[in-house]
Every structure is written in structure tokens, then in C-alpha cells.
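Keep in mind that what you see is a predicted model, and the values were worked out from it rather than measured.
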Amino acid sequence: MAKEGRVDDETRYKELGFMCGLEIHQRLATAKKLFCDCPAAIPENPEMLGTVSRFQRAVAGELGNIDRSAEFEELRGRKFVYMVPERNTCLVELDEEPPHKLNEEALDVALALAGSMNMHIIDELQPMRKEVVDGSDPSAFQRTVLVAVDGEIEVEGHRIKMPSIFLEEESSGIVSSKEDEITYNPDRLGIPLVEIDTDPYIPTPKAAKAIALYIGTLLRVSGKVQRGIGSIRQDVNVSIKGGARVEIKGLQEVDKLDRFVENEVLRQQRLLEIKELLKKSNASVDNAIDVTGMFRGSSVRIIANHLEKKGVAHALRLKGFKGLLGKEVNPDRRLGSEISDYAKMAKVNGLIHSDENLAAYGFSGKELEELNSRLGLEEGDAFIIIAGQKSNVESAVKLAIDRAKYALVGIPLETRGTANTELCTTKFLRPLPGGSRMYPETDARPILITKEKLKAAGTSALDVENEKKKLLAKLQNKGLAEQLLTSPKLPLYKAITASTKADPNFVANMLIQKFTELRRGGFAVDSIEERRLADLFSEYADGIITKQAVDELLKEMSLKKESVEDLIAIKRLKRISGDGLSALILDTQREAGKKMTADELRNVIMSKYRLNVDGAELNAMLSK
């Protein structure tokens, strides 16, 4: 095995057979949705008219095959509930009305992006339906249009092929999630979204992060993308030699993308090591047996609680697995965690395995002795116990057995989601979709790309380097310009500096550095609306508040919804300036009852009025 850890050496990753590709999903800032006339802006606190409930059933794709991820979701039997907002949705979203004409504004943005990546634009676009298995679309499919193919970009010396760009519908947002039911809000459903794909030959995790940053910058430079949490998502496909393609779904923090990729490489390395150890021990997986009677009245509460509710407990022997269920495959993740992820899909809370601290669960020596006897455990064997309602346990046992058996042969094809954002680890979501979930959208006409549109796409192609030069000329700070260029805050910076007289350097520093500082301090500054931020910087530019007060108001704005003007009054943050500051200096001198030096006056005033007084103005007055 190659050396583990945070390495970015291309030779080492090449030796591993490392393959990596990106899918970047970005919501567009258009006036209307993609296939209807509803506004594309997401409303705040809309009134709900009711709900619609649906279940999913897997159907065959264009080639007559049923996609395995759709089949898996049908087996889970979950109920999907869709809220019906009064505004921003219509019968198209609920699949009760045919789609309208494709949004031309969104198409123009996609064409400009395609031109920017030197892609070949398809002359006739065919809307397709792509099965959506997570319930995020009431129709169980997403409309998608392949716009262009065969492009190329260059990032940090790497020439990366860009095989496709799609224009498609955004999905619904999750409101709540339970074991057997998910509630969605479809207000964002149907908002235009571009999906930009790279080829799978990105050489290292570090390069993957750099490429994601570049594509994100290209999107923001367009000026036609939505901002805020969830408006851009990165899916990463990763595999190594002997492993399998795994899709890590919905990464939002691009700064951590390389760590997620590194951990997926590590996970596959460790699972391959486990496979070899299992082969040496002639490992196998037995069928489960019912051990409900053994644990009636048991002190193992995690089992007894289910049995008291007429549940059952099943156990199975894993021959030759001893010590390997507890083997770490990622930080705070073990082979047992991987198997447990599958069992949880059947609405159980997880499982207990023999590599855990069984005494902590409350197992008695007698119970373990009887369990060992019932299962026929020998030296080197392990066991799993699953408890819950009978139908759930039977399904969970089947899933756990399937995953345990897969450990004997390799790594399953999976779609995985975030398990821990700090540790940058993932967990199983569902089997990786196959190619059987696409079929033509027969309710929408093909779109012909005219010569005029092709010409417009060429002339509106975006230039990241040119944007960088513009920022550098305005900020006169190379480091700050580069940070802003790759930051999601770039469009916000442009909007604020265009609508206020605030100093561009001050705005950039606040959005890049101060926001990071406050975010780390636990303040949800990214949730502050653009309109309120513009009001804040306008108040500062007009001399109503000081720089120090801007910091304080950002904290307040992340916690409260009052207007900036009201918060200034409530927190008494209005700037003391001009005649008011002169009077404050005289009052401070009088209160002291003695002659004070300029330094003494400055210290007293700033200790009391740090948020209200500008230090430079005070110094100027004291030096007269």
C-alpha cells in the first residue's frame, strides 16, 4: 500500500490507481424557473396551503432495466410529504401539468459557461427525465438537458477534460426527516441549475479542490448564480485500483473537499486490507437466527427496550471476522460502522457487534456464553445482533449480511454522504445509480440552437484572469484579490460595492476575513440577507457608524431580524463625530477634575466609547 496521510504526490496517487471526477451543481439566478413561469427566488416564510403525500415505485428506464438505486429506495417504503407553498410553485412542480417552454435566460447562461470551457454546443437539445430516488421531486424524476460536450480547462498546470454541461431542475429542500417519512418544501424545486462534469482523471485530491474552486469562480464571474447555503454543491467520484467508484454527494465546503477525497482513498485502502485478512482466515457469513427468547428480561437495554415493545432480536455469526469489525477504516469509522449503515436503511437504530465493549452494553457472562453456543462461535469468529420490530429486523439482517459478504470480495459501488464535517468522513446513503434511470421527456419539445445563440455564447464567454486583473486594480492587494476571486462571497462583494459608497477594501476584508472569524466564533453570518448587509455598509459609508460597530452589528444581525437602523438604535451604536465628539472631549476633561494629556483622554474615551468613536478622528482632534 502507498503511504497513508495527507499526500499530494502525483506519483503515489498514480501508483494507487487513483481516479477522481467532479460534478458541480450550481443554482442560477434567473427570473423564472426552468420549465414554468413561477419566480425563481426562494420566498421567506411563505404561507402553506396544504401537503401532498406520495410513495415511490421503481420503473424501467429507456433500455428496459430497473435502476438498482431506485429498486433499493422502493424497498425502504418511505413516505414522502410535500408542502404546498402559496407562492413560487404550481402544478408543474407537482407533475399535474405538462412542462412549459424551457427558460431562455437559463439556457443563455449555460451556453456562455459552455463557451468559457471550450465545449462543443449541441445543435438540438433534447430534454430528458432522470429518476430521482431520494424523494426530493414529487414526480420522482428530474428534467435535465445536455447542453454541450467535449470541453477543456487548465488549472494549475493540469489540463482537465470537461465532458458535459447539463441544464436541469433544482430539487426540493428537506424540512424534516424521520425513519419512514421525509417532508419536503418544493419552493426551490424547478429553479434552473447547471451541472458541470469533469473527466475522472484528476490526478490528486489537492488538484480536485483547485479545480472545484476554479469552476466555482467561473460560475460566480458570470454574475448569474444564486448565493447562500446550498446554492452550490460538489459531488466527487473516487476510486482506487482494486476498489470501486464511490460518489460522495453534496459537499458544500470546497475548502474541505481534498480531505474528504483523501479519507475516501484511505477508506478503500483499509477495506482492501480487510478483504485480504478475511481471505486468509477463510471467512464467511452465516444466516441469522432468532435470539429473542435469550434476551427477555436482559440488562442490555438497547435490546430489552425493543423486546418490551413486542420486537425481536436476531443474531448471526461472522466466521473469521474477529477483530476486523472494530478495525478503523476512517477516523471514528470502522468496518462495523459500514455494516451498520446498511442495517439502518431498514429503520433499525443500528447493531451490536462482538468487537465492541460488550460489558458497557450490560451483557452478562451467561448471555454471551449462551449466544456463543447458539451461534456455534469458534476462535476467530465474530457476531452481530440486531433488535427492533420484526419486519424491520428481517430487512436489516438481510442488508447487514449483504454488506458483510461484500467485505469478502471488495468494495461496493455506493453513493455516500457526509458523516462528520470536522473529520471529513462519509457514510452509506444508497447504491450507486446505474445507467438505467434516464429516458426522454416526451412532454417537452427539443430546442434548436440557432446561429445567433452560438455567436452570443462565444462573445459572452467568461474570463477568470480578466476578472482577477479587475479586482487587483481595485483592491491593490494581490492576496485579498485572489482570496475574493475564489470565494463564494465574490457576487456579494460586487453587489455591495455597486449599491453603496463603502470602500471596496473594507468590504472585501469584512466578507473574507471578518466573516471567517465570526463564523468560527459560532455566528451564522452567512445567513444574513444581502439587503441587510447592503444597509449595514451603507450606514458605515455615510458615517453613521464606525468600523468597530460594523463588527458588533454583524453579530447582532446573525442573531436578530430587526433592521440595521433599529439595531443601531437598540445597541446605541450611532457614531459620535464632529461637534458631538468635541463636546465629549470637553466633558471628559471636566469630569476628570484635572488637566489630562492627549493619551489620557484617548484611553478614557476609547474605553467607554470604542464602538461609537472613530480612532482616527479622535486622534486628529486631540492633536490640535
Do [X] and [Y] sit within salt-bridge range, that is, some charged N less than 4.0 Å from a carboxylate O?
X      : Y      : answer
Glu10  : Lys206 : no
Lys547 : Asp614 : no
Arg575 : Glu617 : yes
Glu170 : Arg233 : yes
Glu562 : Lys560 : no
Glu168 : Arg143 : no
Glu47  : Arg87  : no
Glu517 : Lys514 : yes
Asp526 : Arg519 : yes
Asp341 : Arg333 : yes

Please check if any side-chain donor atom of [X] sits under 3.5 Å from a side-chain acceptor atom of [Y], or the reverse.
X      : Y      : value
Asp535 : Ser538 : no
Asn263 : Thr425 : no
Glu169 : Thr144 : no
Ser136 : Asp134 : yes

Can you confirm if the aromatic rings of Phe506 and Tyr540 lie within a centre distance of less than 6.0 Å?
yes
Hey, mind stepping through Met119 and Glu152 against side chain to side chain contact (heavy atoms under 4.5 Å, CB included) and telling me if it holds?
CA-CA 7 Å; Met119 302 182 83; Glu152 186 177 77; over 6 Å; no
